[in-house]
Novice: 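Dumping the structure here so I can ask a few things about it.
What you see is a predicted model, and the numbers here were worked out from it, not measured in a lab. In each ligand, atom 1 is the first atom listed, and ligand 1 is the first ligand listed.
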Amino acid sequence: MKKRIVVLASGSGSNFQSIIDSIKSGFLDAEVTRLIVNRDHIGAIERATNEGIPVDIITQNPLIDFDKRLLKSLDNANPDLIVLAGFLVKLPHLVIDSYRGKIINIHPSLLPKYGGKGFYGMKVHNAVIADQQIISGCTIHLVTEEFDEGPILAQRTVPVHENDTAEELAKRVLSAEHQLLPETIKYILET
Ligand code: GRF
């Protein structure tokens, strides 16, 4: 039986798309059974709709029972693997406890550098450039209670060029993410 992946996203969903494309090309023998988002009107929803993938919108407003609503959606989708692909909400303990070891996150830096609270999106790339780093990259790690601190599963480096803007660096890192994420998912599902 095909392995079941659930993706959680809050933004454009280009990493989500990289999983879809890898399934379509036959690289991944799996199916995305659901996309879960925390807000409406985002690119990830459009990508899911285009592919006929069911979407659950689970907002934190009201905050009441956010953990239970999220867990219910996950349980209904019965995932073998949960992928946080740009999900900008800290996962509730209840969810982490229920799926410990089965949740991965992708982060746009070489963790433990530039990780933790406040390091997301362009903030990461701006900091890398401000610190005159010559290498950056992306990391895939298991999700635990602490932001960006779970065991590291895979990393890929990219060069930081002299005079790079944060936008240029972000683009380079994102394209590394699009390769590393399907490769790591394949490794996890096959071992
Ligand atoms: C990626 O840079 C990822 O590392 C981070 O959020 C971004 C999501 O981008 N966690 P996208 O929505 O997949 O395009």
Novice: Which protein N or O atoms sit under 3.5 Å from any N or O of ligand 1? Give atom names and distances.
Specialist:
{"residue": "ligand 1", "atom": "2 (O)", "partner": "E177", "partner atom": "OE1", "Å": "3.3"}
{"residue": "ligand 1", "atom": "2 (O)", "partner": "E177", "partner atom": "OE2", "Å": "3.0"}
{"residue": "ligand 1", "atom": "4 (O)", "partner": "I106", "partner atom": "O", "Å": "3.3"}
{"residue": "ligand 1", "atom": "4 (O)", "partner": "P108", "partner atom": "N", "Å": "3.4"}
{"residue": "ligand 1", "atom": "4 (O)", "partner": "E177", "partner atom": "OE1", "Å": "2.8"}
{"residue": "ligand 1", "atom": "4 (O)", "partner": "E177", "partner atom": "OE2", "Å": "3.2"}
{"residue": "ligand 1", "atom": "10 (N)", "partner": "I106", "partner atom": "O", "Å": "2.8"}
{"residue": "ligand 1", "atom": "12 (O)", "partner": "S12", "partner atom": "N", "Å": "3.4"}
{"residue": "ligand 1", "atom": "12 (O)", "partner": "G13", "partner atom": "N", "Å": "2.8"}
{"residue": "ligand 1", "atom": "13 (O)", "partner": "S14", "partner atom": "N", "Å": "3.2"}
{"residue": "ligand 1", "atom": "13 (O)", "partner": "N15", "partner atom": "N", "Å": "2.8"}
{"residue": "ligand 1", "atom": "13 (O)", "partner": "N15", "partner atom": "ND2", "Å": "3.0"}
{"residue": "ligand 1", "atom": "14 (O)", "partner": "S12", "partner atom": "OG", "Å": "2.8"}
{"residue": "ligand 1", "atom": "14 (O)", "partner": "S14", "partner atom": "N", "Å": "3.0"}
{"residue": "ligand 1", "atom": "14 (O)", "partner": "S14", "partner atom": "OG", "Å": "2.5"}

Novice: Which atoms form the tightest heavy-atom contact between V160 and S136, and what is the distance?
Specialist: CG2-N, 3.7 Å
Novice: Does atom NZ (K186) have a neighbourhood of more than 12 heavy atoms from anything else shown, all under 6.0 Å?
Specialist: yes
Novice: Compute whether any side-chain donor of one residue and acceptor of the other, for Y114 and D131, lie under 3.5 angstrom apart.
Specialist: yes
Novice: Do you know which two heavy atoms are closest between H141 and L111, and how far apart they sit?
Specialist: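 H141 and L111 have their closest heavy atoms at CD2-CD1, 3.6 Å.
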Novice: Between L169 and P159, which heavy-atom pair has the shortest distance, and what is it?
Specialist: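 Closest pair (atom of L169, atom of P159, distance): CD1-O, 4.2 Å.
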Novice: For a quick test of reading the model, state the closest non-hydrogen atom pair linking E145 to D97 and the distance between them.
Specialist: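 Closest pair (atom of E145, atom of D97, distance): OE2-OD1, 4.2 Å.
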